[in-house]
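Ligands are counted one by one from 1 in listed order, and the atoms in each one are counted from 1 as well. Just so you know, these numbers come straight off a predicted model, no measurement behind them.
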Amino acid sequence: MYDWLNALPKAELHLHLEGSLEPELLFALAERNKIALPWGDVESLRGAYAFNNLQEFLDLYYQGANVLRHEQDFYDLTWAYLEKCKAQNVIHTEPFFDPQTHTDRGVPFEVVLDGIAGALRDGRDKLGISSGLILSFLRHLSEDEAQATLDQALPFRDAFVAVGLDSSEVGHPPSKFRRVFDRARAEGFLTVAHAGEEGPPEYIWEALDLLKVSRIDHGVRAAEDPKLIERLIDEQIPLTVCPLSNTKLCVFDDMSQHNILELLERGVKVTVNSDDPAYFGGYVTENFQALHESLGMTQGQAKRLAQNSLDARLA
Ligand code: ADE
Ligand code: ZN
């Protein structure tokens with residue numbers, strides 16, 4: 001089944017480039033940039049990848065991103081991810097990046113963007129992988145800081161397909177970012193937002209009604225609200241679901257408890273994605289494989305999930 005799933009043409013719509021930083025590359029970049037790390041070796045870093053919730057993961061994820069300093073680092077990170085896409089027949093990808101994670105450390109916005117955009121361009125030219133980049137605001141920071149980030153992005157508007165919203169969800173509802181999303185839409189960006197990962201169904205309503213998102217990232221807690229499920233089905237709003245992430249971050253106790261196939265069978269436009277593959281134990285194919293092993297996902301269901309991902313593209 002793994003080889004069949006791997007060969008299935010698919011799109012990835014929920015992938016944080018900083019979350020694709022494998023420990024081996026992290027150590028190589030630390031050495032190249034002469035940065036001391038708190039972990040002795042790759043194995044001890046991998047050993048730290050045990051999380052009880054989203055915040056425990058984010059603490060390590062932001063620490064890992066500290067090795068990314070120069071344009072070439074962002075290029076290498078993005079290129080390594082695109083090579084994975086090629087190996088797994090991901091023919092289209094819409095990755096996120098978090099500019100504030102880097103600009104707050106003094107890395108200029110253009111350095112980050114030039115590295116990522118250069119690799120995406122080469123991915124199109126040399127690997128045949130199409131893409132659309134999504135600039136994600138950090139929701140644990142203020143709306144004013146998100147506005148300043150949008151200002152930095154405007155001169156490079158054509159480099160992005162959408163803006164998104166990620167980081168610590170609970171306590172930072174979509175409504176906190178209503179004005180910056182209004183402005184982003186007025187400037188021509190589409191919008192997406194993480195909602196209903198750890199946060200309640202109300203956050204999904206807010207993302208739809210206030211931020212006017214084209215997709216919901218995660219959204220698995222929609223299952224708690226029948227009216228919301230009805231709306232997601234009626235309007236065919238895609239959910240970019242990340243099964244391995246949800247189990248690693250204890251959103252579900254075990255993959256056998258995951259609701260993605262239930263949502264699929266009810267008519268919700270769910271897709272399969274890897275979120276932060278370096279931290280959660282697998283890329284897209286491994287996420288599909290986990291659904292097969294733990295939930296008995298059939299080839300027919302896998303084809304529908306893959307088709308959903310192709311249909312839900314923004315770029
Ligand atoms: N940033 C990277 N991965 C994330 C996730 N799963 N949820 C929220 N923010 C993130
Ligand atoms: Zn995510």
Specify side chain, backbone, both or neither for [X], according to which of its non-hydrogen atoms lie closer than 4.0 Å to ligand 1.
X	answer
E169	neither
H218	side chain
D98	neither

Fit a plane to each ring of [X] and [Y], take the angle between them on a 0 to 90° scale, and name the class: parallel (under 30°), tilted (30 to 60°) or perpendicular (over 60°).
X	Y	result
F109	F160	perpendicular
H258	F252	tilted
F51	F280	perpendicular
Y62	H140	tilted
H194	F96	tilted

Identify the heavy atoms of K10 and L310 that sit nearest to each other, and give their distance.
C-CD2, 4.0 Å
Could you tell me which non-hydrogen atom of T191 sits nearest to which non-hydrogen atom of L211, and how far apart they are?
OG1-O, 2.9 Å
Taking the non-hydrogen atoms of L58, is any one of them nearer than 4.0 angstrom to ligand 1?
yes
Decide whether the shortest distance between a heavy atom of F57 and an atom of ligand 1 is less than 4.0 Å.
yes
Identify the closest protein heavy atom to [atom]: which residue and atom is it, and at what distance?
atom	result
atom 6 (N) of ligand 1	D275 OD2, 2.7 Å
atom 9 (N) of ligand 1	S167 N, 2.8 Å
atom 7 (N) of ligand 1	E197 OE1, 2.8 Å
atom 4 (C) of ligand 1	H16 NE2, 3.6 Å
atom 3 (N) of ligand 1	D276 OD2, 2.7 Å

Considering only NZ, NE, NH1 and NH2 on the basic side and carboxylate oxygens on the acidic side, decide whether R179 and E143 come within less than 4.0 Å.
yes
Is there an N/O/S atom in [X] that lies less than 2.8 Å from the Zn ion (ligand 2)?
X	answer
C242	no
D276	no
H218	no

Determine whether a donor-acceptor pair (N or O, by modelled atom type, separation under 3.5 Å) exists between the side chain of T240 and the backbone of H14.
no
Side-chain donor/acceptor of R185 to backbone N/O of V180, under 3.5 Å
no
Which of the N/O/S atoms in H16 sits closest to the Zn ion (ligand 2)?
NE2
Please note down the angle at the Zn ion (ligand 2) between OD1 of D275 and NE2 of H14, to the nearest 10°.
80°
